[in-house]
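Heads up, the thing below is written out as structure tokens.
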Amino acid sequence: MKLFIVTLSSIILFASCTASSDRITEGQDAKMKARIDSLIRLMSLDEKIGQLNLPAAGDIITGEASSSGVAQKIREGRVGGLFNVKSVSKIKEMQRIAVEESRLKIPLLFGMDVIHGYETVFPIPLALACTWDTAAIERSARIAAIEASADGICWTFSPMVDLCRDPRWGRIAEGSGEDPFLCSKIAEAMVRGYQGNDLSKDNTLMSCVKHFALYGASEAGRDYNTVDMSHIRMYNEYFPPYKAAVEAGAGSVMASFNEIDGVPATANKWLLSDVLRGQWKFDGFIVSDYTGISEMIDHGIGDLKTVAARALDAGLDMDMVSEGFAGTLQQSLSEETVTQAQIELACRRILEAKFKLGLFDDPYKYCKEERAKSEIYTDEHRSFARKTAAESFVLLKNNNDLLPLKKQGRIALIGPLADSRENMFGTWSVSANLQRGESLLEAMRKAAGDKATIVYAKGSNLIDDAEYEKNATMFGRAIKRDERSEQAIIDEAVRIVGNSDIVVAALGESSEMSGESSSRSNIEIPETQQKLLRAIVRTGKPVVLVLFAGRPLSLVWESENVPAILNVWFGGSEAASAISDVLFGEVNPCGKLAVSFPRNVGQIPVYYNHKNTGRPLNGNSFQKFRSNYLDVSNEPLYPFGYGLSYTKFTYGEIELNADTISADYELIASVAVTNTGSIAGKEVVQLYIRDLVGSITRPVKELKGFRKIFLQAGETQTVSFKIDRSLLEFYNSDLKLVCEDGEFELMIGSDSRSVKSARFVLTDSNR
Ligand code: BGC
């Protein structure tokens, strides 16, 4: 025992030479390996398996933590980390048990779902994507890392990079939309933001890319459902964001719940070992999703012992909550279905993460109370969140420049979401203080001051069916129900509207109508709110619809009958002031859709980068024996990339510096963009490319570049894009990354539909 203590202290001392980022230098790598080798030599089999265990922490109460069940497991070396424990005091107490009371004193990892901010909450990820501002997104992740790390956390289960083209799926809110290129750029930015350039610093977090893979393609948009997809589509469309995040240095990856080629991702060796580690060279650790291992019993591929062994064999390192590794690996080892080497390799990967985070150096490095007091929810963070939220809103319609509102007269603010603080944050705001935010009513009254009167009526319940409403307002997001009849509630609102000059209708989804386990088969505004909206519109007063949503909603009636629609998603802790900023014109809206808005559920999936088919529709009217519908157009209601501004932007013709691109020659495509309106504004200039002839069929267009610019009224800026061969590559039928000679169409515009176009040719692509 004495000998052991001496050896261990040298390990801990040595480990003070911490890593500089997820990718550490060769010298550090060699030292890390040597030290982890010596630690592993000291570990019993139980302790090695213990590192692979990420149990549910339960409701740890400060002061009582040391007597909890999980504390006993920590003492016995049966826990590698804990997650979703909030506050320095609780985390410190659990860490103390690990490093003072367990035999080998190995520190714990503390993870959390820090998805779009910590206490300063940013817009939901889908909204953040609509800023098309990767620098701002990176900064939002940086701020989240500063706040979470100040509160004891060192590992975040983010970014979620699941590409999604099905708005029925509630988790579309957590990703960056439908496009591989945009999702990839955002994935990289978020990893950079969380991890910074030095993972061992006390204000960075290790990121965990999730959910690997294809979780966003669950059948019928029903959460946790089966996925079935061709490998060509995986490689060209769904894999790129995960790969980008891995290449940006993400320290960990979370396996998804769904199956791929008939094998759940959690035990899918091809996915975890061949693709992720083999082809992409990922060298961090892989954690299951919550009970991902034990759920494979229900998937029907074996009992707990079988599925846990399969997961380890596939390359999974850490078991979140199932206790499948902890409970069965000993026996599987004795039955020779897993090897000692496999257990050790997984254990090594977890220890490496702890080493890179500097936890061996100082296990309490993320537990500094003074940081928790001064670095969370600061004015600086909040003002950045407010600005970012305002830039995430998408102005879908603005007839006759109804917006911005003037601060004058009587403004009726109507709707079940107008006066709810708790519903401003959006899904996955586990660390937020929901009462601290403002409601839209509070923010608008503050902004209007004594210049305008804001009158309010709820106008309807969120959903008429009380049971449905209860399921849609969980986790402290309840909206007080009005027990009067539907008509009586509407009538009261209509009376108030009658005495007003203009109406702002705050309608749509509650926070919890999107996110995990919140799929919908009907993606319209709930019916009782539609009745309210129709009644308000019938009054003849001008109506602005402020639409809360965690997914694209189907808005056909609204788009035809309501003069102005501002889609505000869920904007986070500063959402209310941000909405008010845009409504009153303090901020000119500039969000652009990261996902198409379908006309109805039957069109799903509808996405801009689809294939042409052998029978494409020419024009917009129905044609027999062409690919179209009898009862709805092929076009989405609002296309990918779309969003209006309070000013107008005009695009000139595309200029190319050459009409051929070759191994030695890059192409420059330029376009002059002019702000032809009367106020300054931001525009996202978008570049799309179509490969006109390929060895496999190619999409009708693919986003390949974008630039967000700021133009004063009357100002013109020439925006140039460099087109090199990397933008023309794709995976062919052998799943080889190639680019092929031939003609391409290049398009630049303000959204995926409104583009100018030019053509160029690629030659000698095989050089
Ligand atoms: C979700 C993950 C999340 C995990 C831990 C799961 O249910 O799918 O996204 O990170 O829980 O909270």
Side-chain angles (χ1 to χ4, degrees), residues 53-60 70 79-86 91 108-118 124-126 141 144 148 153-164 169-176 187 190-191 194 205-218 221-227 241-242 245 250-260 264-266 284-296 298-299 311 316-324 353 426-432 474-475 512 514-519 550:
N53 194 21
L54 183 66
D59 192 14
I60 295 172
V70 76
V79 176
L82 294 174
F83 66 102
N84 290 353
V85 180
K86 191 173 180 224
I91 289 176
L108 299 171
L109 283 176
F110 285 92
M112 186 178 263
D113 290 283
V114 183
I115 307 296
H116 50 112
Y118 190 69
I124 54 169
L126 184 60
I153 304 297
C154 58
W155 180 33
T156 176
F157 302 142
S158 175
M160 190 277 218
V161 303
D162 302 319
L163 192 126
C164 182
W169 193 51
R171 301 197 80 169
I172 196 171
E174 297 175 49
S176 305
M190 292 192 78
V191 172
Y194 289 132
L205 300 178
M206 179 172 276
S207 76
C208 182
V209 183
K210 70 188 190 187
H211 306 82
F212 191 59
L214 320 180
Y215 185 30
S218 57
R222 180 156 57 78
D223 208 0
Y224 319 124
N225 203 3
T226 307
V227 169
Y242 306 106
S252 63
V253 167
M254 185 184 293
S256 56
F257 288 125
N258 55 280
E259 67 177 66
I260 290 168
T266 313
F285 74 95
I286 309 174
V287 63
S288 78
D289 201 345
Y290 200 107
T291 60
I293 292 187
S294 53
E295 287 174 25
M296 290 192 285
D298 281 327
H299 273 286
L316 192 95
D317 303 304
M318 195 174 224
D319 170 358
M320 190 194 291
V321 179
S322 293
E323 303 266 340
T427 184
W428 279 122
S429 29
V430 288
S431 39
M474 290 177 167
F475 309 122
E512 294 304 313
S514 58
E516 188 169 352
S517 189
S518 298
S519 296

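Numbering of ligands and ligand atoms starts at 1, following listing order.
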Classify the angle between the aromatic ring planes of Tyr224 and Tyr215 as parallel (below 30°), tilted (30 to 60°) or perpendicular (above 60°). parallel
Between CD on residue Glu323 and CG on residue Asn53, distance to nearest 0.5 Å: 4.5 Å
Name the option, out of Val321, Thr291, Asp289, Asn84, that contains the heavy atom nearest to atom 6 (C) of ligand 1. Asp289
To the closest 0.5 Å, what do you measure between OG (Ser514) and CD1 (Ile172)? 10.0 Å
Just checking Tyr290: does its OH atom have more than 12 heavy atoms from other residues, nucleotides or ligands closer to it than 6.0 angstrom? no
What part of Trp428, side chain, backbone, both or neither, has a heavy atom within less than 4.0 angstrom of ligand 1? side chain
So which protein heavy atom does atom 12 (O) of ligand 1 come closest to, and at what separation? Asp113 OD2, 2.5 Å
Any atoms of ligand 1 less than 4.0 Å from a non-hydrogen atom of Lys210? List them with their elements. 2 (C), 3 (C), 9 (O), 10 (O)
Backbone or side chain, does any N or O of Tyr215 fall under 3.5 Å from an N or O of ligand 1? no
I'd like to know whether ligand 1 has Met254 as a neighbour, heavy-atom separation below 4.0 Å. yes
Which value, rounded to the nearest 0.5 Å, describes the distance between Asp317 atom CG and Leu54 atom CG? 12.0 Å
Take the angle between the ring planes of Phe212 and Tyr242 and call it parallel below 30°, perpendicular above 60°, tilted in between. perpendicular
Please work out, at 4.0 Å between heavy atoms, whether the side chain, the backbone, both, or neither of His211 comes within that distance of ligand 1. side chain
For Phe257, take its heavy atoms, then give the atoms of ligand 1 lying under 4.0 Å from any of them. 7 (O), 8 (O)
Provide the number and element of each atom of ligand 1 under 4.0 Å from a heavy atom of Phe157. 10 (O)
For Arg171, state whether at least one heavy atom is located under 4.0 Å from any atom of ligand 1. yes
dist Glu295:CD -> Ser322:OG (nearest 0.5 Å) comes out at 7.0 Å
